[in-house]
Amino acid sequence: MRFSKLLIPTLKEAPKDAVLPSHIYLVRGGFIFQVASGIYDFLPLGKRVLDKVRAIVKEELDAAGCQEVQLGFVTPAELWKKSGRYEKYGAELLRFEDRKGNEFVLGPTHEEMMVELAGQFVNSYKQLPLNLYQINLKFRDEARPRFGLMRGREFIMKDGYSFHADREDMVREFELMETTYRKIFTRMGLDFRVVEADSGAIGGEGSKEFMVLADSGEDTIVVCDGCDYAANIEAARRSESEDVPEAPEADLTKFHTPGVTSIEELAHFFHVDPYYLLKCVAKKALYDEGRSEIVLFFLRGSDELQETKAANSVGANELEDATEEELEAAGLVPGYMGPVSIMRNEPEEGKAPFSALVADLGVPMIFDNSLKGAKQMICGANEPDYHIVGADLDILNEEKFADLVQVKEGDICAKCGGRLSYTKGIEVGHIFQLGTRYSEPLGASFLDRDGKSKPFVMGTYGIGVSRLLAAVIEQHHDDKGSIWPASVAPFEAVVVVGNVKDEAQLSAGEKIYEALKAKGVDVLLDDRPERFGFKMKDFELIGFPYAVVVGKRLSEGKVEIVARAGLNRTEADTEEAAERVAKLLG
RNA sequence: CGGGGUGUAGCGCAGCCUGGUAGCGCGCCUCGUUCGGGACGAGGAGGUCGAAGGUUCGAAUCCUUUCACCCCGACCA
């Protein structure tokens with residue numbers, strides 16, 4: 001291709017609303033153009049990169065035995081009503097009617113459609129397993145699209161769904177997909193981590209995310225410095241620390257603590273490490289059909305609540321902060337809520353004056369695992385200005401315990417004992433063990449060996465294809481522009497003719513260009529009547545892996561080969577330039 | 001959805017406070033000079049000032065409403 005004929009509208013100035021390098025360089029480099037919030041046109045260069053990313057995804061998936069299909073982007077609302085997600089999916093689901101008044105949605109994901117498809121044509125265990133995927137548009141009416149291709153409303157996703165006769169086979173496929181995804185992202189030159197993830201409302205037992213490490217990532221991930229453990233903060237686990245602070249010593253009793261409501265104030269008031277304070281986080285849990293209830297989550301004062309874990313522990317769709325009014329309406333005392341009430345004992349020799357009971361607050365109480373058998377805790381007394389000290393929580397045996405804590409930096413790795421720390425990641429892939437979550441309600445089943453009808457056991461696997469363009473640049477750029485890995489570069493090399501009016505330069509450039517093409521290199525000829533510096537700036541901005549510069553030393557039979565990464569330049573004889581570049585590209 | 005900000009030429013911006021013929025830089029078109037790091041000169045094209053309503057002799061400018069876009073947060077199978 002010739003640069004002079006291609007629509008590559010590079011810009012000198014950054015668009016004012018772009019903040020991330022990937023967004024800035026995709027726009028400045030003439031890859032994409034914003035049409036509306038979260039909706040972008042792909043210009044020729046952007047389309048080329050997109051196609052290369054798609055090709056890699058397709059190649060690896062096909063090699064793993066998956067089959068590509070393409071489902072309708074516009075999907076009947078009826079299917080969504082059948083799965084129960086029509087209402088549940090919320091405002092992100094774009095709904096509309098056709099001229100006859102039939103209801104449709106723009107597909108934000110395609111579980112329903114794909115299950116329907118499999119249910120239609122797969123009747124026997126002999127047809128299993130089956131892994132179908134598509135690389136297709138998705139539309140989610142995001143509350144806040146941002147960062148260019150990073151979080152669009154319209155975007156391209158590869159979504160795959162596998163169907164199995166039993167759980168074992170599904171887990172086998174899940175692992176196959178993990179290795180396949182690793183290959184895909186490695187080929188794109190990405191530095192990524194596979195992290196344990198929250199399975200969330202989609203359900204299932206296993207879920208892993210593929211995170212491209214980048215400061216601009218929207219997800220916080222927890223990594224271990226001692227082993228390969230990595231998890232999304234929403235799912236990260238830790239080991240209980242062994243060096244616990246010294247425990248206070250107090251007999252069980254009620255204590256006057258006027259106006260002391262925060263953990264910080266309490267720690268100061270009692271001169272006690274927050275580890276021995278019982279933190280109560282009150283939330284309003286929201287369920288299907290608008291149902292909601294107040295739930296109290298208890299954890300150590302030294303810990304923070306992880307909301308996703310908390311929501312999962314009660315099966316809620318989401319949690320909201322409970323207001324003081326709502327707490328009072330539920331008969332609770334904000335600032336002084338505790339799971340324990342105390343009772344005065346009959347005076348008796350050798351017996352403590354009080355004993356503890358589980359308080360009956362009339363709302364669900366969930367306890368973090370670290371509170372199992374906790375001793376000498378200080379907690380709210382469920383009346384204004386009083387706390388209970390010296391509470392031993394072994395009376396809570398019958399209560400519900402769950403993992404509620406948000407792992408902190410410096411916590412101990414549950415796998416190897418190393419130290420955990422935070423890093424940021426961009427989610428480019430997510431694989432789930434789905435089970436029968438969709439096949440059951442949608443009535444998608446097959447006849448098993450024993451002649452009985454069973455719902456498919458499913459897995460689902462996603463890759464954010466258009467988001468990958470942004471992720472690659474986030475990891476591969478400098479202050480001049482993008483630096484594309486050859487595997488996804490819009491062109492693998494550009495031949496820059498220093499001065500097209502110099503016929504010798506132009507014809508030498510064309511010769512090298514033809515030679516590169518003959519060697520199978522995806523090459524662009526920059527034959528624009530621009531000055532040298534202008535063209536070099538564009539090369540750096542767009543970020544082709546290599547440039548062959550035909551210029552002033554042509555008379556001595558020399559051209560330059562410039563590597564975009566590092567901008568190192570080497571001289572080459574005109575005749576051997578193509579060969580050298582082809583070799584560099586492998 | 002809460003908080004903040006911005007809408008003036010393809011892009012980046014000034015003008016608005018204090019109402020009076022819509023400007024600058026880049027880009028674009030023509031000609032000439034230049035030609036290894038985003039050249040220079042001359043000439044030119046291009047704008048319902050986001051939209052609607054109001055105040056006024058007169059509105060980019062003041063008032064009201066509305067829409068769009070961006071940032072922080074909430075949210076994000």
Side-chain angles (χ1 to χ4, degrees), chain A residues 7 9-20 23-24 27-28 30 33-39 80 83-86 88-93 107-112 114 138 140-148 150-153 155 157 159 161 197-204 207 209 218-219 232 234 286 307-308 311-312 317-321 426-427 430-434 437-438 458 460-462 464 467 480-481 496-502 505-506 528-542 547 549-555 558-560 562 567 569:
Chain A
L7 181 63
T10 55
L11 300 171
K12 206 164 177 176
E13 279 165 308
K16 62 168 177 179
D17 47 18
V19 238
L20 292 191
H23 189 188
I24 292 170
V27 174
R28 280 194 55 204
F33 173 73
Q34 180 174 9
V35 181
S37 178
I39 303 177
W80 283 76
S83 73
R85 286 209 291 179
Y86 188 70
K88 206 170 166 181
Y89 209 93
E92 268 186 42
L93 189 63
T109 174
H110 281 120
E111 278 83 6
E112 282 81 357
M114 200 67 95
K138 295 280 179 281
R140 296 180 189 179
D141 199 357
E142 291 272 355
R144 198 181 151 209
R146 60 188 116 168
F147 306 143
M150 200 72 93
R151 176 179 293 285
R153 292 147 89 203
F155 58 98
M157 178 163 130
D159 50 324
Y161 309 84
D198 167 49
S199 316
I202 201 166
S207 153
E209 288 168 335
E218 293 190 84
D219 290 277
N232 191 303
E234 295 176 347
L286 307 181
E307 279 211 23
T308 303
N312 290 344
N317 294 334
E318 61 177 291
L319 299 180
E320 278 183 358
D321 287 339
I426 301 164
E427 182 188 342
H430 200 161
I431 56 178
F432 283 98
Q433 298 181 19
L434 250 193
R437 168 128 189 159
Y438 290 91
M458 294 177 58
T460 178
Y461 321 94
R467 177 181 283 179
K480 294 180 164 62
V496 177
V497 178
N499 180 356
V500 291
K501 285 189 187 150
D502 180 329
Q505 284 189 22
L506 185 58
R528 294 174 299 170
E530 299 289 349
R531 291 162 68 91
F532 177 77
F534 187 92
K535 292 199 260 195
M536 290 307 283
K537 291 285 186 199
D538 270 354
F539 156 63
E540 287 155 3
L541 174 63
I542 295 168
V549 179
V550 182
K552 63 178 180 185
R553 296 206 52 201
L554 180 68
S555 51
K558 301 281 189 188
V559 296
E560 278 172 320
V562 185
L567 293 174
R569 47 184 62 200

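Values in this document were obtained by computation on a predicted structure and should not be read as measured data. Below, chain A is the first sequence line, B the second, and so on; all start at residue 1.
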request  = Just name whichever nucleotide pairs with A42(B), Watson-Crick or G-U, keeping both distances under 3.5 Å, else none.
outcome  = U30(B)
ask   = Any idea which of A77(B), G12(B), G38(B) is nearest the M157(A) side chain?
value = A77(B)
query = How would you label the contact of E218(A) with the nucleic acid (heavy atoms, under 4.0 Å): base, sugar-phosphate, or nothing?
reply = nothing
message = What's the closest nucleotide to the side chain of N499(A) if the choices are C69(B), G37(B), C35(B)?
response = C35(B)
ask   = Would you say a side-chain N or O of R531(A) is under 4.0 Å from OP1 or OP2 of A39(B)?
value = yes
Side-chain-base donor-acceptor pair under 3.5 Å for E540(A) and G37(B) = yes
task = Round to a whole Å and report the spacing from CG of L11(A) to C1' of G25(B).
result = 15 Å
key: Among C69(B), G73(B), G38(B), the nucleotide that comes nearest once only the side chain of T10(A) is considered   = G38(B)
message = Any side-chain N or O of S37(A) below 4.0 angstrom from OP1/OP2 of C70(B)?
response = yes
remark   = Considering only heavy side-chain atoms of R569(A), the closest of A77(B), C70(B), G37(B) is G37(B)
key: Partner nucleotide of A9(B) by Watson-Crick or wobble geometry (both distances under 3.5 Å)   = none
Pairwise 5' ranking along RNA chain B for K558(A) and P145(A), keeping only the more 5' one = K558(A)
query = What is the nucleic acid contact for F147(A), judged by heavy atoms within less than 4.0 Å: base, sugar-phosphate only, or nothing?
reply = sugar-phosphate
task = Describe the nucleic acid contact of A14(A) in one word from base, sugar-phosphate, nothing, applying a heavy-atom distance below 4.0 Å.
result = sugar-phosphate
message = For the P atoms, the ones on A45(B) and on G58(B), what distance do you get once it is rounded to whole angstrom?
response = 31 Å
message = Counting distance alone, no hydrogens or angles: does the base of A77(B) have a donor or acceptor under 3.5 Å from a partner atom on the side chain of R437(A)?
response = no
note = Separation between CZ (R146(A)) and CZ (R153(A)), nearest 0.5 Å, reads 13.5 Å
task = Could you check how far CZ of R85(A) sits from P of C76(B), rounded to whole Å?
result = 14 Å
ask   = Where the side chain of R146(A) is concerned, which of G38(B), C35(B), C71(B) is the nearest nucleotide?
value = C71(B)
request  = Return yes if the base of C76(B) and the side-chain atoms of R140(A) contain a donor-acceptor N/O pair under 3.5 Å, otherwise no.
outcome  = no
message = Rounded to the nearest 0.5 Å, what separates atom CD1 in I426(A) from atom CG in L20(A)?
response = 8.0 Å
query = Would you say the side-chain atoms of E142(A) pair up with the backbone N or O of R144(A), donor to acceptor, closer than 3.5 Å?
reply = no
key: Nearest-neighbour nucleotide for the R144(A) side chain, C72(B), G38(B), A77(B) considered   = C72(B)
query = F432(A) side chain: which of C72(B), G12(B), A77(B) is closest?
reply = A77(B)
inquiry  = Does G551(A) reach a base, just sugar-phosphate, or nothing at all? Heavy atoms under 4.0 Å.
reply    = base
G36(B) - base-pair partner by Watson-Crick or wobble geometry, distances under 3.5 Å = none
message = Using a 5.5 Å cut-off between ring centres and planes within 30 degrees, is F534(A) stacked on the base of G38(B)?
response = no
message = Students often get this wrong, so: under 4.0 angstrom with heavy atoms, is D502(A) touching a base, only sugar-phosphate, or nothing?
response = nothing
query = Which part of the nucleic acid does Q34(A) contact within heavy-atom distance under 4.0 Å: base, sugar-phosphate only, or nothing?
reply = sugar-phosphate
remark   = From the candidates G12(B), C76(B), G38(B), the one with an atom nearest any side-chain atom of L541(A) is G38(B)
note = Against the side chain of K501(A), the closest entry in A77(B), C69(B), C35(B) is C35(B)
message = Nearest heavy atom decides the nucleotide; on that basis, is E318(A) or Q505(A) closer to the 5' end of RNA chain B?
response = Q505(A)
key: Closest to side chain of K16(A), choosing from C75(B), G73(B), U6(B)   = U6(B)
ask   = How would you label the contact of E560(A) with the nucleic acid (heavy atoms, under 4.0 Å): base, sugar-phosphate, or nothing?
value = base
inquiry  = Distance check needed: A77(B) C1' versus E209(A) CD, whole Å only.
reply    = 11 Å
